[in-house]
2 protein chains.
Amino acid sequence: MKPKMTLKRIAKELGVSISTVSKALHDNKEISQDNRDKIQAFAKFYNYRPNNIALSLKNKKTKTLGLIIPDIVHNFFSKVISGIEHVANLNGYNVIIAVTNESFDKEVINMELLVQSNIDGFIMSLSKETLLKQDKHHLQETINQGIPIVMFDRVLHEIACDKVIVDDVEGSRIATQKLIDTGCKKILLLTTGDFINIGKLRTQGYLEALGNNNITPDSDIILKINDLGNLEKKQDNRDLERDINQIFEKVPDIDGVFAVNEIYAIKALNVARQRGLRVPEDLSVVSFSDGILSQHSWPSLTTISQHGFKMGERAASILINRLALEDEEKEFVTEIIKTELIERDSTR
Amino acid sequence: MKPKMTLKRIAKELGVSISTVSKALHDNKEISQDNRDKIQAFAKFYNYRPNNIALSLKNKKTKTLGLIIPDIVHNFFSKVISGIEHVANLNGYNVIIAVTNESFDKEVINMELLVQSNIDGFIMSLSKETLLKQDKHHLQETINQGIPIVMFDRVLHEIACDKVIVDDVEGSRIATQKLIDTGCKKILLLTTGDFINIGKLRTQGYLEALGNNNITPDSDIILKINDLGNLEKKQDNRDLERDINQIFEKVPDIDGVFAVNEIYAIKALNVARQRGLRVPEDLSVVSFSDGILSQHSWPSLTTISQHGFKMGERAASILINRLALEDEEKEFVTEIIKTELIERDSTR
DNA sequence: TTGTACGCGTTATCAA
DNA sequence: TTGATAACGCGTACAA
């Protein structure tokens, strides 16, 4: 195990000073062509690479981005990470990922840890608990420290920073309209509690679509599911199926379902099967979040794609651009990623 | 935006020397109790945190782990990452993730990049292309540079390093045996090309189970699928369903399917549906890799769980232990994570 | 054209 | 009990 090449070692071996080596490697004209060639050849031969830590210490930049997400075992977030990774690498940035597991405390701790790791900026999606508590002191604090934040998907609009979001209202409107267009009259909405802004917004889109078509909303067929954890992981989410079933019991002529995420949609599919309803003949289903479940379920789900990969790409490039600007003057932007209706077999 | 607190600033404010401050903050008895109290209080008040970069420069340790994975949008890898994150954070380590997209070149480049970021060690799962080419120079090189590697799942046994794997042979044997136990006589195997060692090993387990029960293997019902990319993402994987269908055409009395991953199993489910076969009454299906698809498919899939989270945890703690040892003497270990049969609705 | 010296923030050694 | 100094690796302003 050979020790690492450094400017110092090169200098000693070649009998010149460190700064000569440094300049030569930067192809500085101050240094004679002869020496430049010699030093560069030597460095190349021994595969010299400048020490990033030393550079970081000097430049006060680590070329590292901190990424805070609620959950990594989640198709949407995985896609976002992919997108972030992609443009980060293109620009010579590394990405450190920290997972909050939807916990406010872990979000705060992770951010502090990453700040101490001297990351240059944050990309983050807030935990459910943070959204619920509406506690944003840690966010404001990091911004005050001069560390820029780009929020995506789950954002807090009161915070002055860049944001990348999906037009949840529009996406839901389109989804609901699709159901109406294919003849649905009674559309069950499966959504989250209002404290999650995406749940709230998607509910709003649903209501707007109904309004546009002069359909009176019926609170009996709006189910707000309050789960703080991660439903995908829970074994005991039978409860949800039971709740959905009860609604069908009460309102048997439901002919459409709009679910704000894939899991809810799958549950609806299961209930339909239990009740002998054919999808899409008797019941149409549209889901938000185009993930792996939608593609492989039976029947495959018509969904609203959030373009997670693209969201990640945009978030990363916005952050990297801001970091490149040095002096903070550019206005904060809120970029809206267009959603897209992907038609599959769960609708007519 | 206030400038960061440093030893130097504290020293100046308090009118003492930098080294006094440093010692006081380390509660060094050399420094008078008075001064220690004063300095510590001051530091606490101004929320002083030592600069990790400076520490890294001195210690030649970054407390950062490099993670190289083929694909992040993949349930199994996500779980492994979760496990790694978990123990890494517990031990004060950060994790930098790089994705290879199954490409050898990206694997090489990413490793070089992370080496330049001065990560302390690697955790990695090899790309399909690397397995195919059997090119391992980049692995050997990093090891020679004194950077430890822990490989998981997709490993190369010729490389001297720690490894965390699943007993693919045993898992497959158990899966196949389960099918045999429930009465299957003709079991279709859906596997990958042999160049992927997990495909090879799982095939071996299948064959062993047949042998144990005096069943003669039939090459007509062994389908080796050669995909280098990521099948999950391909739209045109209809081909696979067609191929499976053809086998059923040829061998109509197939009554069981063992698939080495979830996607293949889902495809089998689809083909069964097309052919009017009831699962599990007419056809039983067992899959490897317990992911989100297995839980939510219809019927839900009996699978072999690889315990991805645990694999990640073990890989990380093996690496962190080795890093703590400093001088390399400990023997390399190969840890085998027990698989587990998770029975769901696709088997009787 | 080359080299010296300093600073980034920290710790450790040695001198006062 | 305290402080000055060197060192980690690099870049650069300035001196030679």
Side-chain angles (χ1 to χ4, degrees), chain A residues 2-40 42-43 46-64 92 115-120 145-146 326, chain B residues 2-40 42-43 46-64 92 115-120 145-146 326:
Chain A
K2 55 200 169 191
K4 272 223 193 93
M5 254 308 150
T6 65
L7 291 187
K8 194 198 256 190
R9 279 196 59 208
I10 299 179
K12 186 151 54 173
E13 303 277 339
L14 262 41
V16 292
S17 82
I18 295 177
S19 60
T20 304
V21 176
S22 174
K23 285 172 186 165
L25 292 180
H26 286 243
D27 215 28
N28 190 323
K29 314 287 181 205
E30 281 180 12
I31 307 300
S32 68
Q33 190 66 53
D34 258 24
N35 257 345
R36 261 188 284 163
D37 290 346
K38 192 167 57 180
I39 293 171
Q40 286 174 9
F42 187 91
Y46 284 103
N47 198 28
Y48 165 81
R49 293 269 173 275
N51 181 325
N52 274 320
I53 300 180
L55 289 180
S56 297
L57 186 58
K58 241 195 138 28
N59 307 331
K60 296 171 172 296
K61 303 228 159 161
T62 52
K63 294 283 259 178
T64 302
V115 169
Q116 277 178 59
S117 296
N118 293 278
I119 52 112
D120 294 340
Q145 281 176 54
E326 292 284 346
Chain B
K2 56 201 166 193
K4 270 219 194 102
M5 254 308 151
T6 66
L7 291 186
K8 194 199 258 192
R9 279 196 61 207
I10 299 179
K12 185 150 56 169
E13 302 277 338
L14 261 40
V16 292
S17 81
I18 294 179
S19 50
T20 304
V21 176
S22 175
K23 286 172 185 165
L25 291 180
H26 286 229
D27 217 27
N28 190 321
K29 313 290 181 203
E30 281 180 13
I31 307 299
S32 67
Q33 190 66 51
D34 257 26
N35 256 346
R36 263 188 282 163
D37 291 347
K38 194 168 54 179
I39 293 171
Q40 286 174 9
F42 187 92
Y46 284 104
N47 197 29
Y48 166 81
R49 294 269 173 274
N51 181 326
N52 276 320
I53 299 181
L55 289 180
S56 296
L57 185 58
K58 249 204 127 34
N59 307 333
K60 295 172 174 298
K61 304 227 159 162
T62 51
K63 296 281 261 178
T64 302
V115 169
Q116 277 178 59
S117 296
N118 293 278
I119 52 113
D120 295 340
Q145 282 176 54
E326 292 284 346

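Naming convention: chains lettered A, B, ... in sequence-line order (proteins, then strands); numbering from 1 in each chain.
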Note, D27(A) side chain near Q40(A) side chain (heavy atom, < 4.5 Å):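 Yes; the side chains approach each other to less than 4.5 Å.
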Student check: side-chain heavy atoms of L14(A) and T20(A) closer than 4.5 Å: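 They are not in contact (no side-chain heavy atoms under 4.5 Å apart), so the answer is no.
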Nearest-nucleotide comparison on DNA chain D, the residue closer to the 5′ end among K23(A) and S17(B):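 By nearest-heavy-atom nucleotide position, the 5'-most residue is S17(B).
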Residue met sooner reading DNA chain D from 5', once H26(A) and V16(B) are mapped to nucleotides: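 The residue mapped nearer the 5' terminus is V16(B).
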Would you compute the distance between atom [atom1] of [X] and atom [atom2] of [Y] and round it to the nearest 0.5 angstrom?
{"X": "D120(B)", "Y": "S56(B)", "atom1": "CG", "atom2": "OG", "value": "8.0 Å"}
{"X": "N51(A)", "Y": "K60(B)", "atom1": "CG", "atom2": "NZ", "value": "7.0 Å"}
{"X": "K4(B)", "Y": "R49(B)", "atom1": "NZ", "atom2": "CZ", "value": "11.5 Å"}
{"X": "I53(B)", "Y": "T62(B)", "atom1": "CD1", "atom2": "OG1", "value": "11.0 Å"}
{"X": "I10(B)", "Y": "F42(B)", "atom1": "CD1", "atom2": "CZ", "value": "6.5 Å"}

Axis-to-axis angle between the two ends of the helix from dT1(C)-dA16(D) to dA16(C)-dT1(D) (five base pairs per end, rounded to 10 degrees):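 Taking five pairs per end, the axes differ by 70°.
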Along DNA chain D, first and last positions that approach a heavy atom of chain B under 4.0 Å: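 Under 4.0 Å from chain B, the extent on DNA chain D is dT1(D) to dG9(D).
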First encountered from the 5' end of DNA chain C, between S19(B) and L57(B):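 On the 5' side of the pair lies L57(B).
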Range on DNA chain C touched by chain A, heavy atoms, distance below 4.0 Å: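 Range of nucleotides within reach of chain A: dT1(C) to dG9(C).
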